[in-house]
Number of protein chains: 2
Amino acid sequence: MKTSREELLDLGEEIVCRQGFGGFSYGALADRAGIRKASIHHHFPSKSDFGRALMNRCVRRVERAFEALETDRRRGSALLRSVIQTRRTGCAHSGAVDLVTAMSADPAVTDPATREGLASARETLVRHIAHALQVGRRDRTIAVAGDIEEEARAVFAQIAGAELAARASGNVAEFDRALATLDRRMSAY
Amino acid sequence: MKTSREELLDLGEEIVCRQGFGGFSYGALADRAGIRKASIHHHFPSKSDFGRALMNRCVRRVERAFEALETDRRRGSALLRSVIQTRRTGCAHSGAVDLVTAMSADPAVTDPATREGLASARETLVRHIAHALQVGRRDRTIAVAGDIEEEARAVFAQIAGAELAARASGNVAEFDRALATLDRRMSAY
DNA sequence: GCGTCCCTACCTAGTGGTAGGTTTCTCCTG
DNA sequence: CAGGAGAAACCTACCACTAGGTAGGGACGC
């Protein structure tokens, strides 16, 4: 049976989230996919190509999620919780993190196009969070004091830091502990 | 002239902060130190040894800083600002981060002793921030609503996330933007 | 037949690490 | 104070291994 590009990206993403982009190798990917290393090069000539494809897919996914969020009529707290949940799932498997965080954290990501994609994904996520906060402030389900964008960047950073905490300790509970203040801001109402 | 262990650790720390522990190699360290690769092995037999030594030194440094903080009679906001400033300096050089963040972010750190040291350093930093928040609440220079430890973990995560933001964008300004809410909490009083 | 997919076999560069010899500093003793 | 022993610092040369990447050929479907 033929191995599709998409399958390879799936497997690769899993490895990158666990080992970082630098710790991800064509050999390991080939083993998981059940094909030879050289065959990976057929689909993605260079490792940079793979990284770019991974990031492009990620950007599209994040943008689709953003569009879905905009038409989502749930309360603000529910929106924010879903954003957090999405990024939490990565931490569920021990030692793994969100692809965006994994790529942000890894200095081995040097390709300009990949970095640009990463920056774009990060900005979309900030807008994502800003929207949730905006809705939450209006429907009084999230306590938001100051400027929305400022708050959104703070929350985004807090979530990324929470992922790092979970990975550093190897314990998902640390993710929740680092975000407990957010939970409180949502239950105060 | 003889190269001291300390000098090697200094140079190594710089590389690790910029390239991560996985991206740090004995070859690169040797080049910077002006000696041969095998000579590095004389001081630190294995790369794990180097990582452990680096982390041990970091732990001691953080603990010393914590002791200094406890006898520091400045206002809470000044204490918190100094904590942030210490971790900001890493971002000043493009692409670099704090050693603690660099090690937390890198899945290549697998040695148990190193990970334990890292966890210890992280916990000390949390206590560090908690103390600053405590003082700041008392002298009314920082707005702290809920549980101090919860807030400290949130702030710690936010700072780590800010470092990631700065690195991902290659722009120190992103560090400040992600921490603008903290600034506001300190200037409100 | 041609393009897609995959293979074996190989290359080069760089990794952490070792073996064993040379220099250089230190320190103790005659 | 001279000098030698021994340790500490450093060297060259090498090892085994893995990395990303290439060349060229076989199998299979349209």
Side-chain angles (χ1 to χ4, degrees), chain A residues 1-57 102-103 105-115, chain B residues 1-57 102-103 105-115:
Chain A
M1 68 191 149
K2 310 265 180 169
T3 311
S4 71
R5 262 177 79 98
E6 219 61 25
E7 278 178 70
L8 290 177
L9 287 172
D10 282 341
L11 292 168
E13 179 163 347
E14 214 179 301
I15 301 176
V16 170
C17 287
R18 231 176 279 272
Q19 316 271 50
F21 189 68
F24 153 82
S25 76
Y26 268 30
L29 176 57
D31 283 350
R32 291 225 188 182
I35 58 177
R36 299 290 151 175
K37 200 179 60 169
S39 306
I40 309 288
H41 283 283
H42 166 71
H43 295 281
F44 305 95
S46 79
K47 196 180 170 181
S48 295
D49 290 321
F50 191 89
R52 265 193 294 274
L54 207 54
M55 210 58 244
N56 282 342
R57 199 175 70 149
M103 297 292 268
D106 200 331
V109 180
T110 53
D111 177 69
T114 308
R115 292 183 64 86
Chain B
M1 61 185 154
K2 308 262 182 170
T3 310
S4 72
R5 263 177 78 99
E6 220 62 24
E7 280 178 68
L8 289 178
L9 287 173
D10 283 341
L11 292 170
E13 179 163 346
E14 215 178 300
I15 301 176
V16 171
C17 288
R18 232 176 279 271
Q19 315 272 45
F21 188 68
F24 153 81
S25 77
Y26 269 28
L29 176 57
D31 283 350
R32 290 223 189 182
I35 58 179
R36 299 289 150 175
K37 199 181 59 167
S39 307
I40 309 287
H41 282 283
H42 167 71
H43 295 281
F44 305 95
S46 79
K47 196 181 169 183
S48 294
D49 290 320
F50 192 89
R52 266 192 294 274
L54 207 55
M55 210 59 243
N56 283 341
R57 198 175 72 147
M103 297 293 269
D106 200 331
V109 180
T110 53
D111 176 69
T114 308
R115 291 183 65 87

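Every chain is numbered from 1, with letters handed out A, B, ... down the list of sequences.
Summary of helix geometry: the two end axes of the helix from C/dG1-D/dC30 to C/dG30-D/dC1, each defined by five base pairs via their C1' atoms, are inclined to each other by 0° (rounded to 10°).
In this structure, CD in A/Glu13 is found 9.5 Å from CE in A/Met103, a value given to the nearest 0.5 Å. Distance check: A/Asp49 CG to A/Ile40 CD1 gives 13.0 Å after rounding to the nearest 0.5 Å. Atom CG of residue A/Leu54 and atom CG of residue A/Asp10 lie 9.5 Å apart, to the nearest 0.5 angstrom. Atom CZ of B/Arg36 and atom NE2 of B/His41 lie 14.0 Å apart (nearest 0.5 Å).
The stretch residues 21-35 of chain A comes close to DNA chain C through A/Ile35, each having a heavy atom under 4.0 Å from the strand. A heavy-atom distance below 4.0 Å to DNA chain D is reached by these residues of residues 37-53 of chain B, ordered by number: B/Ala38, B/Ser39, B/His42, B/His43.
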Please report, to 0.1 Å, the donor-acceptor pairs under 3.5 Å made by any side chain of residues 26-34 of chain A, with sequence neighbours excluded.
from: A/Tyr26; atom 1: OH; to: A/Phe44; atom 2: O; distance (Å): 2.8
from: A/Tyr26; atom 1: OH; to: A/Ser46; atom 2: O; distance (Å): 2.8
from: A/Arg32; atom 1: NH1; to: A/Glu14; atom 2: OE2; distance (Å): 3.4

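Closest approach of B/Thr110 to B/Arg115, counting heavy atoms only: O-CD, 3.9 Å. Nearest heavy-atom pair across A/His43 and A/Leu8 is CD2-CD1, 3.6 Å.
For B/Gln19, there are no side chain to side chain donor-acceptor pair (under 3.5 Å) partners two or more places apart in sequence or in a different chain. Not counting sequence neighbours, B/Ser25 has no partner by the side chain to side chain donor-acceptor pair (under 3.5 Å) test.
Judged by distance alone, the side chain of B/Asp106 and the main-chain N or O of B/Phe21 form a donor-acceptor pair under 3.5 Å.
Taking atom CZ on B/Arg36 and atom P on C/dT22, their separation rounds to 18 Å, with Å as the unit.
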